[in-house]
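I have placed the structure first, in the form of structure tokens, so that the comments after it can refer back to it.
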Amino acid sequence: MNKDKIQLYLNNFRRFLSPYLRKDINFRTVSYPADDGAIVELKFQKTSPVKDEFRKNEKSITDSLKRINQHAFGGNLAGFKFSGTNVIMEEGRIILIKDNDEKQWDLEQAKKDVDKLIHPQRDNL
């Protein structure tokens, strides 16, 4: 997954989400790129400077998932196949798992992803 494409998505995602956050709340991201997509971990913190970190590229999203302390998936992760945008919400953070389809990383998808977080009850098709 291309780091520049992920960074552009993050910039757009932050721009769309920021108006909904309190002024003293921001988030840092850690991105785990893979050949078949990427995982983006958003960590919300009070008065934290904006920072985007990138880890080394892995062969698959599931290889990246093994490196993240998360509670949604366990066991043999090799059997998992992720497509589209998948969202995991845990205390103080959100984990986005996205495939490598170009449309998953564009401006419109960043807007849709934020809308899904802000208005989860809506059918966001």
Once ring-ring contact (aromatic ring centres under 6.0 Å, His included) is applied, do any residues pair with Tyr9, and if so which ones, sequence neighbours excluded? Phe13, Trp105
Rounded to the nearest 0.5 Å, what separation is found between the [atom1] atom of [X] and the [atom2] atom of [Y]?
X: Ile95; Y: Leu65; atom1: CD1; atom2: CG; value: 7.5 Å
X: Lys51; Y: Gln45; atom1: NZ; atom2: CD; value: 10.5 Å
X: Lys5; Y: Glu102; atom1: NZ; atom2: CD; value: 4.0 Å
X: Gln7; Y: Ser31; atom1: CD; atom2: OG; value: 7.5 Å
X: Asp106; Y: Lys111; atom1: CG; atom2: NZ; value: 11.5 Å

Using the rule that two of Ile, Leu, Val, Met, Phe, Trp, Tyr join whenever any of their side-chain heavy atoms come within less than 4.5 Å, decide whether Phe16 and Ile25 are in one cluster. yes
Membership question, hydrophobic clusters at under 4.5 Å side-chain separation (ILVMFWY): are Leu8 and Leu10 in the same one? no
Between the main-chain N or O of Gln104 and the side-chain N or O of Asp101, is there a donor-acceptor pair closer than 3.5 Å? no
For a side-chain contact (heavy atoms from CB on, under 4.5 Å) check, start with the C-alpha distance between Leu107 and Arg15, then their side-chain angles and the critical distance, and finish with the verdict. CA-CA 10 Å; Leu107 174 83; Arg15 183 167 52 104; 3.1 Å; yes
Write down the atom of [X], the atom of [Y], and the distance for their closest heavy-atom approach.
X: Met1; Y: Ala38; result: CG-CB, 4.0 Å
X: Ala34; Y: Asn57; result: N-OD1, 3.4 Å
X: Gly84; Y: Asp99; result: N-OD2, 2.7 Å

Below 4.5 Å, heavy atoms only, C-beta onward: do [X] and [Y] meet side chain to side chain?
X: Ile88; Y: Glu90; value: yes
X: Lys56; Y: Pro33; value: no
X: Ile61; Y: Ile39; value: yes
X: Phe27; Y: Leu17; value: yes

Qualifying residue for side-chain contact (heavy atoms from CB on, under 4.5 Å) with Thr29, from Val50, Ile6, Asp52: Asp52
My understanding is that only residues two or more places apart in sequence, or in another chain, count here; which of them pass side chain to side chain donor-acceptor pair (under 3.5 Å) with Glu41? Tyr32, Arg93
Residues two or more places apart in sequence or in another chain: which of them pass side chain to side chain donor-acceptor pair (under 3.5 Å) with Glu53? Arg55
Assess the residue pair Asn26 and Arg14 against the criterion (side-chain contact (heavy atoms from CB on, under 4.5 Å)); give the C-alpha distance rounded to whole Å, side-chain angles, the decisive distance to 0.1 Å, and a yes or no. CA-CA 9 Å; Asn26 208 334; Arg14 185 174 273 114; 4.0 Å; yes
Apply the test side-chain contact (heavy atoms from CB on, under 4.5 Å) to residues Val87 and Leu117: give CA-CA distance (whole Å), side-chain angles for both, the deciding distance (0.1 Å), then the verdict. CA-CA 9 Å; Val87 179; Leu117 293 173; 3.9 Å; yes
Can you tell whether the side chains of Lys59 and Asp36 come within less than 4.0 Å, N to carboxylate O? no
Between Lys98 and Asp113, does any NZ, NE, NH1 or NH2 come within less than 4.0 Å of an OD or OE carboxylate oxygen? yes
Yes or no on side-chain contact (heavy atoms from CB on, under 4.5 Å) for Arg67 and Glu58, after CA distance, side-chain angles and deciding distance? CA-CA 10 Å; Arg67 299 174 54 207; Glu58 294 285 350; 3.1 Å; yes
